[in-house]
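Heads up, the thing below is written out as structure tokens.
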Number of protein chains: 2
Amino acid sequence: MVDIATRVYNHKWKIDPIVRSLIDTDFYKLLMCQSIFRNKPDTTVTFSLINRTKSIRLADLVDEGELREQLDHIRSLRLSRGESTFLRGNTFYGKRQMFRPDFMEWFEGLQLPPYHLEKRDGQYELTFEGRWPEVMMWEIPALAVLMELRSRAVLRSMGRFELQVLYARAMTRLWEKVERLRAVDGLRLADFGTRRRHSFMWQDWCVQALQEGLGGAFAGTSNCLIAMRREVEAIGTNAHELPMVYSALAPDDAALAQAPYQVLADWHEEHDGNLRIMLPDTYGTKGFLDRAPDWLAAWTGIRIDSGDPALGAETAIDWWTARGENPRDKLVIFSDGLDVEKIEELQRRFAGRVKVSFGWGTMLTNDFRGLVAGDGLAPFSLVCKAVAADGRPTVKLSDNPNKAMGPEAEIARYKRVFGVGEQQAQEVIV
Amino acid sequence: MVDIATRVYNHKWKIDPIVRSLIDTDFYKLLMCQSIFRNKPDTTVTFSLINRTKSIRLADLVDEGELREQLDHIRSLRLSRGESTFLRGNTFYGKRQMFRPDFMEWFEGLQLPPYHLEKRDGQYELTFEGRWPEVMMWEIPALAVLMELRSRAVLRSMGRFELQVLYARAMTRLWEKVERLRAVDGLRLADFGTRRRHSFMWQDWCVQALQEGLGGAFAGTSNCLIAMRREVEAIGTNAHELPMVYSALAPDDAALAQAPYQVLADWHEEHDGNLRIMLPDTYGTKGFLDRAPDWLAAWTGIRIDSGDPALGAETAIDWWTARGENPRDKLVIFSDGLDVEKIEELQRRFAGRVKVSFGWGTMLTNDFRGLVAGDGLAPFSLVCKAVAADGRPTVKLSDNPNKAMGPEAEIARYKRVFGVGEQQAQEVIV
């Protein structure tokens, strides 16, 4: 029987909104936002959307009017009472009241700031400027909107059963991955796929499939809304934007060299346990670890997000050993370019030597490769990054020169300051 | 939003009925029923369910109580007003009022007769006795109930997402077949999969997928209810039960030799055009054609339902040629053991030489091979046949000795009367 009221209610929507909640975002954005809200509330930043896959001409695929409607809808969102109750009352990483009352009050009043949108060379130039805690909340919804509008554009011409079979194929593919992962001894894996997801509904399906299929090996999801609805752990710690903005704000080279450690010193004050995970690759993992203060060696773990992941983990193991720490007590989280084979390989190599965990992104929530003609749903590399802070450009080097960002002169300066030598290039797919 | 009324209404069902309509049956059963209702209304027959795949112990898999509930539910069904209106008013095979008013009045009052159910050696012995027009209507619902109860038994222990992925896989598999069939030039194909379907909902899905996927190459479905709901052609002509019962009733060998032709003489009086399709294999195709009266050569076509289908079609082509008919004007319907490769092969071989059409059964509506552990959903060979008429046993030989049915002495007698020599055995899978 058709629920007539629901059908009629749905007719009233002017659009089919992609992002329907301010917490349909990565959990670590909220942790970082609270940290920024405390430590750098008045810093002005610019975030910019960058499509690294130039062959996909987003502005040709996605209608500008539709894009504006979706972005305008996000600006109409406010934190709901239930979402606020959840954030205030839920246990995150074993801790109650992770979010402080002053931050929650601010969040309850938050409206995302205006956006600037232009078309250039078949791409959208989408930027956000303003106070850091507000602007940074645009990152994930902006990516989710572009990813999903592109999916919708590609799917528009398909028939009803063709569509059902498309999703049947994607489900089958994911389940085959689940069945392989089930055989991985001691696996611990979380969904990190919000930013590159095919769609919200699809990510939600993937999370539920992992819940049923992996049981205890499924650690949770980075998506705060889905974590709330599906009652799984919200997962995530911190990201490159912190060292990037702190570094941009540094007045001289000496301050620049210390900036990434200042980020973690601020984090150290706020968090302990499994939230003390460092992300060392912003300006080269090797140099970062070599020059790190001793208190960092006592941190719980490390997230490997660029470069050859096995090499990164070996570097961390050597470093812990040199600093008198037992790597077996340490957590290594792999979160870059993962799919089943890579997960199996890394688990085989590092299980027993360190605690291993995986943050599985694009190939979890957006593996539609080869499922439509012309491979129109293949994932692509869309990012939304802080490009300036208080009028100064940001720089990211990472352990992969293909992921470097920023003005050329500044990249050279950062390489000098952080002592980054030759780097091995890795293809950036997603 | 949940439709509360629907949920509450569904709670009230004592069972989840498998067969919910008297026209959830093959269309040819209705055509044959009308013919029997006119020509042999008082013949008493026994139909019996036979599982030719002894390795599948149905009585161990399927609960007797559940089976009885489903069969009892079928006995509670009556032709609905809408179904009656459809049968009375719809055009079948280009003809209005295919069903005569006297037959429709009888059908509107029909309740299926009692059944007899016993367990033996891990199998169910399910038989139906009574007047032929009533008893013969049990065949398809009885098969559908057993097939679907077996599916349900196998699926009972599966999780929600595991189930969704199971159907995703089955959908993907069917769609891959559709994509291959789309490339077959001049294809004309109908769903003949009611009797061996995985479930009603699955058959309904398959029909809709073929509608969208094959477009004009999809000729329709043998399922009368689905034909009505999905507004596609209802397809089917006649089956072995007619010559089997006519032959059993024959008082002597001379009458027996004529019985199969008497069936078609009766049919000839009632039907023309694309309904004049002979089914020659009941007692051997070769002998049937050799001894056939001349008026049969003018019939529209032939259905090949056992033996090597290419050989059967060649035999028919030779026969038409010998009788001065142009095979290019004739229709050959293949309906036995089809899957995509076989369809491609037969189309390649016979397109242009005759008009070719396919009645695709089990591998359309029940191809779940390999999709669950232990292959518990693999199709199997369940039939429901007339085994006696007015107290005399029936016999079927077909073009495949593995499909022969009846008492041994009677099989020998029929072989003698119909001049059946050596036959090539073919494995019976479904």
Side-chain angles (χ1 to χ4, degrees), chain A residues 1-13 20 155 157-183 191 201-218 230 232 364 367-368 370-373, chain B residues 1-13 20 157-183 191 201-218 226 230 232 364 367-368 370-373:
Chain A
M1 216 181 289
V2 173
D3 178 349
I4 302 173
T6 299
R7 286 285 290 268
V8 172
Y9 179 76
N10 288 342
H11 289 159
K12 298 194 302 180
W13 287 93
R20 299 180 181 206
L155 301 179
S157 62
M158 290 175 69
R160 190 170 155 204
F161 284 77
E162 212 180 352
L163 276 171
Q164 195 172 12
V165 170
L166 171 73
Y167 285 102
R169 284 177 170 155
M171 287 173 181
T172 299
R173 178 177 289 176
L174 179 59
W175 199 256
E176 271 153 20
K177 294 184 184 188
V178 166
E179 285 176 337
R180 278 183 62 180
L181 290 173
R182 234 187 243 155
D191 157 37
M201 282 195 292
W202 179 246
Q203 184 185 15
D204 192 36
W205 191 90
C206 292
V207 166
Q208 293 175 78
L210 292 185
Q211 268 186 286
E212 181 181 304
L214 293 185
F218 178 54
R230 302 301 168 198
V232 296
L364 167 61
D367 188 359
F368 285 68
L371 296 188
V372 298
Chain B
M1 216 182 290
V2 174
D3 180 348
I4 302 173
T6 299
R7 287 286 289 270
V8 172
Y9 180 75
N10 287 342
H11 290 159
K12 297 194 302 181
W13 287 94
R20 298 179 181 206
S157 62
M158 289 175 71
R160 189 168 154 205
F161 284 78
E162 210 181 352
L163 276 172
Q164 196 172 13
V165 170
L166 171 74
Y167 285 103
R169 284 178 170 155
M171 286 173 183
T172 299
R173 177 177 289 176
L174 179 59
W175 199 255
E176 272 154 19
K177 294 184 185 190
V178 166
E179 285 176 338
R180 278 182 63 179
L181 290 173
R182 234 185 243 157
D191 157 37
M201 281 195 292
W202 179 246
Q203 183 184 16
D204 192 35
W205 191 91
C206 292
V207 166
Q208 293 175 78
L210 291 185
Q211 267 186 287
E212 181 181 304
L214 293 184
F218 178 55
I226 296 177
R230 303 300 166 197
V232 296
L364 166 61
D367 188 359
F368 284 68
L371 295 188
V372 298

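Reminder, nothing fancy here: chain letters follow the sequence lines and each chain counts from 1.
- More than 12 heavy atoms of other residues, nucleotides or ligands sit less than 6.0 Å from atom CE of Met158(A).
- By the salt bridge (Lys or Arg N to Asp or Glu O under 4.0 Å) test, Arg169(A) is found to be paired with Glu176(B), Glu179(B), residues two or more places apart in sequence or in another chain being considered.
- Nearest heavy atom pair, residue Thr172(B) against residue Thr172(A), reads OG1-OG1, 3.9 Å.
- Among Gln211(A), Arg160(A), Met171(A), Gln208(A), the residue with the largest count of heavy-atom pairs under 4.5 Å with chain B is Gln208(A).
- With a threshold of 4.5 angstrom between heavy atoms, Glu212(A) approaches chain B through side-chain atoms but not through N, CA, C or O.
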